[in-house]
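For reference, the structure discussed in these notes is given below.
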Amino acid sequence: MNKAITDGVVFMPPEFEDGLDVWSSEDGTPGTNTYDGAGNAAIVPADQDFDSCLELFKDQNTQKLRYMGQTPFEQGCYLRVRAKVKAISGPLPSVRIAARPSLTGGGHAGGYVETGPAVPLTAYGEVVEVSAIIGSGSRSSVDMVWGDDVAYAHMGLDLTGSNGAAVRIDEMVIEDVTGAYLRDMMDWVDVRDFGAAGDGVTDDRAAFAAADAASAGRTLLVPEGVFHIGSNLTLHSDIRFEGTVTMADNVYLSLTRSFDLPTYIDAFGTELLGFRKAFQALLHYADHETLDMCGRRIDVTEPIDMQAAYATSDTFLIRRVIKNGQFYVIGGAAWDDEVATSTAQYNPANPYKLTNVANISAIDPGAIIAGNGVGREVYVKTVNVGAAEVELSQPLWGAATNQSYTFTRHKYVLDFGGFAQVNRMNLVEVEFQCNNHSSAVMLPRDGENFVFQDCFFIKAKNHAISSTGRGCQDLHVDRCQFISGEQGLAATDRVSVAFNVNANDAKIRDSRFQRMGLSMIFHGSNHIIQGNHLFQGDEVSDGPRTPGMVFTYENNNAVIAGNYIDNCSIEWNNEHDEKPDFGSEYSFGGMTIANNTFLCIDAASWFKWILVKPFGTGHYVSGLHVTGNVFRSIAGTINRVDGVVSTHGTLDGWSMRDVTFENNAFVGINQRTMSPVTLEFNQNTVAGTWTLDGSDYFPFGGNARTVSSVVIEGALRDGSNNQVWDNPHVEVNKGASAQLAQLKWSKPVRGTAHVTLRVDRPN
């Protein structure tokens with residue numbers, strides 16, 4: 001770059017012989033005294049060394065010579081000012097290049113170095129060249145570093161030392177030497193050329209912005225050093241970091257052309273800080289939609305507080321994506337659980353609050369709660385220290401009015417728990433190598449449409465994904481892998497949980513859950529669980545099995561379709577109900593279990609795949625369809641596929657409605673479950689009442705509530721072996737357990753009937 005060549009900028013002042021009226025004896029500004037007609041200055045027309053030159057007699061302590069013309073100065077340019085000088089007589093002085101930097105309006109740009117190095121004259125008649133370089137960057141050999149407020153300068157020199165010296169000065173030369181520092185043929189622009197200090201203290205933001213504005217498509221170079229950025233900065237050029245930047249936590253750096261994780265790691269020097277600042281920029285700058293980790297692995301030594309990284313707000317509602325990278329957890333004390341025990345009061349009329357909480361300052365938001373009457377995966381959503389209250393993610397089904405609770409805050413690689421609300425955050429192709437040291441992701445307290453796609457959760461210590469509120473609304477988990485670190489343990493000893501859902505509309509599709517303690521637990525309704533593979537078996541012979549899916553909302557409208565449910569069960573309960581006895585709400589219903597493959601291997605004979613577990617009295621099933629599934633037991637048989645866990649309550653068989661359990665295949669199952677079930681009934685002796693028992697087939701021990709058809713095979717005959725043409729009436733809910741149906745005839749008869757029984761009624 002040479003402005004004299006490329007832009008026609010004139011730097012050279014006129015020769016002295018053209019007149020001394022433009023050469024000031026002061027600072028060169030308009031109105032100052034000139035050497036025109038001065039008694040101490042004269043033009044020498046024919047010096048043997050210089051030809052025409054200026055002879056100047058020193059009669060001031062600092063004898064100044066300044067060109068009154070305005071020599072332009074631009075950021076990114078480097079000017080060399082030089083002159084040849086020789087002493088003629090008198091005391092030998094020192095000579096230095098000097099200049100007066102000026103603001104656009106003519107004012108003095110103070111605070112800058114204005115003189116070059118002094119060169120002593122040591123002999124009469126000896127020609128000495130003095131020079132200095134003026135530029136915007138603190139580069140090698142730059143004598144005067146000026147900022148972007150300098151618009152032009154009055155250039156010249158000073159004579160210092162004893163008065164009475166006579167010197168002759170050849171013409172002043174001012175030339176653009178920027179090419180020595182930054183050639184046009186290079187495809188980068190160095191931020192030092194625009195005033196960046198790189199000392200870790202000086203605010204270099206203005207220099208970065210100026211370099212970015214001047215880049216004209218070239219790459220910004222941040223050389224070795226530490227460059228402090230004092231306020232938010234957006235750069236629109238490609239950038240390369242050899243040095244690093246430093247800034248406050250709440251100051252963001254947006255690299256619009258180089259927005260990827262490796263660049264931010266280079267910029268900030270460490271992987272964790274680079275990720276935090278990249279995430280901060282992802283949320284701050286509207287043109288960033290995706291943070292590409294570019295396949296980088298980040299060694300994580302402590303939880304990453306995502307809201308603290310954003311710093312500005314606890315709400316973000318615009319779609320953002322983090323993709324293509326790995327978090328690798330390094331063990332240490334930073335991952336230790338924080339545990340607090342406290343007494344608190346609970347009132348079912350205020351179901352989402354613990355009140356009068358002792359030791360409340362020790363309880364952390366996001367802690368999971370344990371205590372009598374507390375269901376699984378109940379979290380502290382928020383803590384109000386002043387009011388001594390804790391907000392709960394779910395109600396408590398059976399807590400005493402006043403009792404003790406344990407609050408355990410697990411640590412997460414990506415902790416969004418500080419956010420009050422986040423919508424449409426996507427994690428795509430991200431791997432969490434938790435190494436049994438940490439959990440993976442805590443969701444924000446509220447929000448919707450959090451998406452995990454093609455992610456791996458490997459050896460999460462406690463949880464892969466946790467929801468402490470309703471940040472799981474419309475949660476998507478697609479084509480993800482959850483691999484437990486407890487695979488060598490018996491199924492009943494595992495504690496890891498893949499994820500929990502408190503809100504509605506989760507979509508869990510095509511994912512794989514390998515030997516977790518519990519794969520998934522759902523509250524809310526309208527969930528779709530499709531195409532997944534859950535397997536939770538172990539090496540225990542004739543072993544018990546644990547739930548893989550748990551639904552804690554009675555009438556949930558869930559669809560469970562096309563899954564491979566291996567050595568674990570579907571449990572359906574109401575453990576998150578503050579009034580667990582049936583009242584005016586809908587009871588268990590709205591679920592479809594269709595076209596799944598159920599498998600167990602070497603399981604205890606009492607194991608069952610579909611369990612209803614009421615946490616209270618009076619409940620029933622209304623709206624359940626189990627159809628098109630395959631149930632298969634290997635290495636031993638099991639008794640049946642369905643059951644009721646009656647620890648806290650039983651089902652009311654008199655109220656079952658709209659329940660179908662049909663078109664399923666059973667292999668290695670001792671007793672099939674069907675409703676409607678069509679049975680062949682052979683009455684070998686005449687009787688006026690035929691009593692039919694289909695209870696072994698009825699799902700969940702239901703009643704014989706309906707006989708939907710009776711078909712007589714062959715002839716009915718009376719005691720005299722005469723054929724009887726008769727049509728029975730039907731009575732249902734007979735017997736002590738109401739599980740028998742009866743055919744009533746007008747006279748005693750014998751014969752064969754095909755009878756279809758159901759455990760439900762249409763209304």
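Given the structure is predicted, the values throughout are model-derived calculations rather than measurements.
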Is a donor on one side and an acceptor on the other found under 3.5 Å between the side chain of [X] and the backbone of [Y]?
X: Asn574; Y: Phe615; answer: yes
X: Asn629; Y: Phe598; answer: no
X: Glu486; Y: Val495; answer: yes
X: Asn502; Y: Ser467; answer: yes
X: Ser496; Y: Gly517; answer: yes
X: Asn555; Y: Phe588; answer: no

Kindly state each residue pair satisfying salt bridge (Lys or Arg N to Asp or Glu O under 4.0 Å) with at least one member in [range], sequence neighbours excluded.
range: residues 662-683; answer: none
range: residues 730-739; answer: Glu731-Lys734
range: residues 613-642; answer: Arg640-Asp642

Phe535 and His533 aromatic ring geometry - parallel, tilted or perpendicular at 30°/60° bounds: tilted
Plane angle bin for Phe457 and Phe482 - parallel if under 30°, tilted between 30 and 60°, otherwise perpendicular: parallel
Between [Y] and [X], do the side chains contain a donor N or O and an acceptor N or O under 3.5 Å apart?
X: Gln481; Y: Arg512; answer: yes
X: Asn423; Y: Asn449; answer: no
X: Ser622; Y: Asp658; answer: no
X: Gln345; Y: Asn347; answer: no

Can you sort out the partners of [X] under side-chain hydrogen bond (donor to acceptor under 3.5 Å, both in side chains), two or more places apart, ordered by chain and number?
X: Arg409; answer: Asp415
X: Thr492; answer: none
X: His625; answer: Thr660
X: Asn526; answer: Asn557

Whether over 12 other heavy atoms sit under 6.0 Å from Tyr697 OH: no
Atom NZ of Lys579 with >12 non-hydrogen neighbours under 6.0 angstrom: no
Residues that Asn595 engages under side-chain contact (heavy atoms from CB on, under 4.5 Å), provided they are two or more places apart: none
For Tyr352, all residues meeting side-chain contact (heavy atoms from CB on, under 4.5 Å), sequence neighbours excluded: Gln394, Pro395
Side chain to side chain donor-acceptor pair (under 3.5 Å) evaluation trace for Asp505 with Gln473: CA-CA 6 Å; Asp505 308 330; Gln473 174 71 35; 2.9 Å; yes
Ring center gap for Phe416 and Phe450 short of 6.0 angstrom: yes
Answer yes or no: is there an ion pair linking [X] with [Y], defined by an N-O contact shorter than 4.0 Å?
X: Arg479; Y: Asp454; result: yes
X: Arg470; Y: Glu391; result: no
X: Arg509; Y: Asp478; result: yes

Report, one line per pair, each donor and acceptor closer than 3.5 Å where one atom sits in a side chain of residues 541-554; sequence neighbours left out.
unit_1, atom_1, unit_2, atom_2, d
Ser541, OG, Asp602, OD2, 3.4
Arg545, NE, Asn567, OD1, 2.7
Arg545, NH1, Asp538, OD1, 3.0
Arg545, NH2, Asn567, OD1, 3.4
Arg545, NH2, Ile601, O, 2.9
Thr546, OG1, Gln536, NE2, 3.1
Thr552, OG1, Phe522, O, 3.3
Thr552, OG1, His523, ND1, 2.9
Thr552, OG1, His576, ND1, 2.9

Cut-off 3.5 Å, no hydrogens considered: what does the side-chain donor-acceptor table look like for residues 401-408, sequence neighbours left out?
unit_1, atom_1, unit_2, atom_2, d
Gln403, OE1, Ala400, N, 2.8
Gln403, NE2, Asn372, O, 2.9

Residue list, ring-ring contact (aromatic ring centres under 6.0 Å, His included) with Phe582, at least two apart or on another chain: His619, Tyr620
Closest approach of Gly524 to Asn504 (non-hydrogen atoms, all atoms of both residues): CA-OD1, 3.2 Å
Chi angles and distances behind the side-chain contact (heavy atoms from CB on, under 4.5 Å) call for Trp572, Ile593: CA-CA 12 Å; Trp572 193 3; Ile593 304 174; over 6 Å; no
